[in-house]
Amino acid sequence: MKILSVVGARPQFVKLAPIVHEAIRRGVEHVTVHTGQHYDPMLSDVFFRDLEIPAPVAHLGVGSGSHGRQTGAMLSAMDGVFERERPDWVLVYGDTNSTIAAALAAVKLHLPVAHLEAGLRSFNRRMPEEHNRVLTDHVADLLFAPTRVAMTHLAREGLASRSLMVGDVMTDVLYRVRERVASVIPSMMDEEQIRPGEYFVATIHRAESTDDQDRLRSIVASLASLDLPVVLPAHPRLVARAAEVGINLSDGALRLRPPLSYPELVAVVMHARGVITDSGGLQKEAFLLGTPCTTVRTETEWVETIELGWNELVEPGADLVRSATRARPAPTDEAPYGDGRAAFRVIDSLLNHSSL
Ligand code: UD1
């Protein structure tokens, strides 16, 4: 059996790692196609290197563009690769433009498609990710849900018979990397002269945060006003938008940094007083590492982090500052994101469905 994974954006490289390693361990043929959605080395190459992911068999080199142009370019570039590789399964990840493009390219060629991280919903139809995930779930043949809540969404949309709860592959990779970095104090902390428990980590990259000038100004001002240093590993989009409208990303408490590698991110979050973010994955990573999170959004797909008291949804301004500086939540024994063996179940299921 041959599995072909399509990835293109930073969080997808992280999710790919445990799948590739499990496929190799079980002797299953696996190849990767990189769409090129993320092309900066710090958003792409370092993840392949640090997570020991074999090089892709094809790089589509699509790069940035409007959503339509970017998705369309991927779709047409994928055709030839799929025809050449003829996989038994095309595996797509998460909710980016690379995900929907790969799912569509595969169904048009009658190739079976499996969607990893299926069933997540924000119910915010202004988010490009929401269109991508809903459409991908409805064209895919096999849906791997990370949580019980995701399974409920799939059932409500009539997709229960194609769905399987496997847990979250990000737990798999996080647990492995956490062990590797547990005793290491990242060099970045030395450079910035910050001590464990005495700084925040913030990431802001989502279009809803960066493309509205007033909102971005207000988020940055709130972060800059915090009473501990705020490490800000910045996505290129944040740097570009801030420069366009004259927002200073080094103001007050802010410590502007280049994007972090995955092991660095895990270490930096593990030792932080708190995380402030608009990212999806980071809310969950903070939870799994026992670091309180403040999310600058109006909704989240990872509702368990909120219900268990480890995450809060806030507006920029006083609300953000109050949330970031709140007391540590009570510890929890709940494990809503699985046991770190999601990739094992994914490969198992693909092997069992090899004649679909
Ligand atoms: C994409 C995903 C988002 C995911 C995020 C992770 C979609 C719709 N969005 O958002 O769900 O959370 O990846 O990071 O697929 N850019 C660079 N270098 C790069 C990549 C992007 O400079 O390597 C800049 C470009 O100016 C580009 C902008 O960032 O226009 C946005 O990039 P894009 O890939 O379109 O979306 P992300 O914001 O990264």
Side-chain angles (χ1 to χ4, degrees), residues 6-17 34-48 56 59-75 77-78 92-105 115-118 120-122 124-137 146 170 173 201-212 215-216 219 232-245 249 257-262 265 275 277-286 295-297 299-302:
V6 181
V7 288
R10 178 169 55 179
Q12 294 171 320
F13 310 138
V14 177
K15 294 166 199 169
L16 170 66
H34 189 319
T35 63
Q37 177 169 350
H38 284 176
Y39 43 88
D40 283 349
M42 280 306 291
L43 295 190
S44 174
D45 304 7
V46 294
F47 287 80
F48 281 80
H59 193 295
L60 309 181
V62 164
S64 300
S66 71
H67 286 280
R69 216 165 293 139
Q70 186 183 56
T71 311
M74 291 174 192
L75 187 52
M78 226 121 29
V92 302
Y93 298 70
D95 56 18
T96 73
N97 291 340
S98 298
T99 315
I100 182 65
L104 272 180
H115 183 204
L116 191 75
E117 218 177 62
L120 295 180
R121 300 289 181 263
S122 68
N124 175 355
R125 290 181 51 82
R126 303 268 322 148
M127 286 174 70
E129 292 83 1
E130 185 74 356
H131 318 148
N132 290 340
R133 54 171 90 99
V134 171
L135 293 170
T136 302
D137 282 342
M170 282 183 81
V173 60
V201 187
T203 74
I204 298 293
H205 78 281
R206 217 162 263 291
E208 307 93 89
S209 311
T210 58
D211 296 1
D212 173 342
R215 189 171 172 84
L216 181 58
I219 295 172
L232 181 67
H235 186 289
R237 170 195 217 129
L238 171 64
V239 175
R241 294 291 181 274
E244 276 164 32
V245 297
L249 294 178
R257 303 285 307 182
L260 296 168
S261 71
Y262 187 71
L265 176 93
V275 165
T277 190
D278 66 353
S279 149
L282 196 50
Q283 298 170 45
K284 214 173 31 187
E285 284 156 346
T295 300
V296 198
R297 277 176 57 185
E299 69 287 306
T300 179
E301 300 79 21
W302 305 110

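Order of appearance sets the numbers: ligands from 1, and atoms from 1 within every ligand. Along the sequence shown, residues are numbered consecutively beginning with 1.
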Distance check, rounded to the nearest 0.5 Å: [X] atom [atom1] versus [Y] atom [atom2]?
X: Q70; Y: T35; atom1: CD; atom2: OG1; value: 7.0 Å
X: Y93; Y: K15; atom1: OH; atom2: NZ; value: 10.0 Å
X: I100; Y: T136; atom1: CD1; atom2: OG1; value: 3.5 Å

Counting from 1, what ligand 1 atoms have a heavy atom of [X] closer than 4.0 Å?
X: A9; result: 13 (O)
X: D95; result: 11 (O)
X: L43; result: 19 (C), 20 (C), 23 (O)
X: Q70; result: 34 (O), 35 (O)

[atom] - nearest protein heavy atom and its distance:
atom: atom 16 (N) of ligand 1; result: Y39 OH, 3.6 Å
atom: atom 18 (N) of ligand 1; result: D40 OD2, 3.1 Å
atom: atom 33 (P) of ligand 1; result: Q37 NE2, 3.9 Å
atom: atom 12 (O) of ligand 1; result: H205 NE2, 3.1 Å
atom: atom 27 (C) of ligand 1; result: S64 OG, 3.2 Å
atom: atom 14 (O) of ligand 1; result: H38 CE1, 3.1 Å
atom: atom 31 (C) of ligand 1; result: R237 NH1, 3.3 Å
atom: atom 22 (O) of ligand 1; result: P236 CB, 3.2 Å

| field | Under the side-chain contact (heavy atoms from CB on, under 4.5 Å) test, residues paired with S209 that sit two or more places apart | value | I204, R206, I219, D278
| field | Side chain Q37, main chain V62, donor-acceptor under 3.5 Å | value |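 No, the answer is negative, given that no donor and acceptor are paired below the 3.5 Å cut-off.
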| query | Does any N or O atom in H67 lie less than 3.5 angstrom from one in ligand 1, N or O only? | reply |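 Between H67 and ligand 1, no N or O pair is found under 3.5 Å apart.
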| message | If we set the cut-off at 4.0 Å for heavy atoms, which region of E129 has an atom near ligand 1: side chain, backbone, both, or neither? | response | side chain
| request: Check each of V201, V296, T295 against T277 using the side-chain contact (heavy atoms from CB on, under 4.5 Å) test, and report the only one that passes. | output: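 Going through V201, V296, T295 one by one, the side-chain contact (heavy atoms from CB on, under 4.5 Å) with T277 is satisfied by T295 alone.
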| Heavy-atom gap P11 to ligand 1 smaller than 4.0 Å |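 In this structure, P11 qualifies as a contact of ligand 1 - some heavy atom is under 4.0 Å.
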| request: Might you point out which heavy atoms bring F47 and L260 nearest each other, and give the distance in Å? | output: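 Residues F47 and L260, closest heavy atoms: CZ-O, 3.9 Å.
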| query | Do the rings of H34 and H59 sit parallel, tilted or perpendicular, given the 30° and 60° boundaries? | reply |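 Parallel, since the angle between the ring planes stays under 30°.
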| query | N132 pairs by side-chain hydrogen bond (donor to acceptor under 3.5 Å, both in side chains) with which of N97, D95, T96? | reply |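 Testing N132 for a side-chain hydrogen bond (donor to acceptor under 3.5 Å, both in side chains) against N97, D95, T96 leaves exactly one candidate, N97.
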| task | Answer yes or no: is there a side-chain heavy-atom contact under 4.5 Å between L238 and H205? | result | no
